[in-house]
Number of protein chains: 2
Amino acid sequence: MPSVTEFEHMLRGASLRVTRPRLALLAAVHEHPHADTDSIIGVVRTDYGEVSHQAIYDALRALTNAGLVRRIQPSGSAARYESRVADNHHHVVCRSCGVIADVDCVDGLAPCLTASDDHGFAIDEAEVIFWGLCADCSTAHSS
Amino acid sequence: MPSVTEFEHMLRGASLRVTRPRLALLAAVHEHPHADTDSIIGVVRTDYGEVSHQAIYDALRALTNAGLVRRIQPSGSAARYESRVADNHHHVVCRSCGVIADVDCVDGLAPCLTASDDHGFAIDEAEVIFWGLCADCSTAHSS
DNA sequence: GGGCTTTCTTGAATCAATCAAGTGTGGCGA
DNA sequence: TCGCCACACTTGATTGATTCAAGAAAGCCC
């Protein structure tokens with residue numbers, strides 16, 4: 001995981017002020033990929049002390065807009081955040097327990113990015129979510 | 001659009017009781033692809049008469065589970081429903097106005113369905129969402 | 001038509017997320 | 001180093017989609 005100093009540089013590079021809640025937030029997201037907002041609040045409070053939920057929501061939005069974290073939101077789930085950005089990976093979600101895992105791109109670079117008919121849209125991103133059952137749930141269901 | 005009789009057969013085929021709210025719901029989803037729950041409630045009430053929102057939620061869930069309609073939920077949007085199922089098409093969503101359009105699969109059949117490393121997951125579906133700006137918003141932004 | 005089960009109605013509750021107003025603070029220039 | 005001020009945080013209330021619960025109504029099989 002990047003050091004506090006690196007987090008500082010990331011914030012400054014995005015023209016964002018360096019505050020302790022934001023540093024704690026960055027650390028929490030790096031440490032707990034795919035955590036939902038509530039879990040992140042819990043982690044930040046443990047690592048750093050009392051913070052309002054509003055500060056977390058604000059900071060998550062600021063960092064998402066700055067491209068420092070990525071927001072993902074599979075159907076039926078609250079928003080989740082991760083620190084891997086701009087590396088074009090996708091996700092596989094368990095229909096049963098909701099666990100999320102990373103999936104690297106098959107082609108390594110911008111796969112499936114070409115829509116057959118773009119309807120005049122200027123497309124800038126392709127988001128892929130694989131749905132299925134994780135190993136644990138798969139075993140539990142068949143037994 | 002399929003006839004009422006065909007909707008009836010679809011419901012019976014899925015072992016679901018045939019009720020007027022469900023028939024109206026199927027018609028509404030076929031007529032208004034990508035509509036959110038609230039719009040669907042409005043359409044059903046216009047076409048059929050007073051129905052509780054709960055009945056719509058129940059019916060949408062029942063029909064989704066039965067595979068008669070498909071639920072899609074892009075980040076930052078309420079749940080939307082469409083009648084095209086099992087034809088492996090995807091969606092392009094406008095970041096600005098939220099409009100959704102269908103995109104047929106480039107490869108015609110199960111593209112992008114192979115994850116490079118499935119982490120032990122039993123994958124049964126790949127959902128692809130293209131993000132960008134629709135023609136209208138693209139023009140408005142650049143002007 | 002009778003009876004059982006599913007579905008619908010009514011009304012309340014939950015949960016994530018946002019809004020609003022006021023206080024505090026990081027980072028800049030002097 | 002000092003002071004300013006825009007940006008960030010706190011507190012508290014609100015919204016809006018969705019779900020829960022209990023009872024009434026209606027579909028389907030016999």
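Letters go in sequence order (proteins before strands), and every chain restarts at 1.
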Task: Contact list for DNA chain D against residues 16-27 of chain B - heavy-atom distance below 4.0 Å - done: Arg17(B), Val18(B)

Task: Residues touching DNA chain D, which here means a heavy atom under 4.0 Å, drawn from residues 42-69 of chain B - done: His53(B), Gln54(B), Tyr57(B)

- [ ] Could you tell me whether a side-chain N or O of Arg22(B) sits under 3.5 Å from a main-chain N or O of Arg17(B), the two making a donor and an acceptor?
- [x] yes

Open item on the list: I'd like to know if the side chain of His119(A) and the backbone of Asp102(B) have a donor-acceptor N/O pair within less than 3.5 Å.
Closed with: yes

Task: Whole-Å distance separating the CG atom of Leu11(B) from the C1' atom of dA26(D) - done: 15 Å

Task: Between C1' of dT18(D) and CD1 of Ile41(B), the distance in whole Å - done: 10 Å

Task: Aromatic centroids of His32(B) and His30(B) separated by under 6.0 Å - done: no

TODO: Please report how far the helix from dG1(C)-dC30(D) to dA30(C)-dT1(D) bends, comparing the axis fitted to its first five pairs with the axis fitted to its last five, to the nearest 10 degrees.
DONE: 50°

Open item on the list: Can you tell whether the side chains of Glu127(A) and Arg70(A) come within less than 4.0 Å, N to carboxylate O?
Closed with: no

For [X] and [Y], work out which heavy atoms get closest and say how close.
{"X": "Pro74(A)", "Y": "Arg80(A)", "answer": "CD-CD, 4.5 Å"}
{"X": "Val44(B)", "Y": "Ala28(B)", "answer": "CG2-CB, 4.0 Å"}
{"X": "Cys134(B)", "Y": "Val99(B)", "answer": "CB-CG1, 3.9 Å"}
{"X": "Ala14(B)", "Y": "Leu68(B)", "answer": "CB-CD1, 4.4 Å"}

Task: Test item: Thr64(B) and Tyr81(B) side chains (from C-beta on) under 4.5 Å apart, heavy atoms - done: yes

Task: Leu16(A) side chain reached by Met10(A) side chain, heavy atoms, under 4.5 Å - done: no

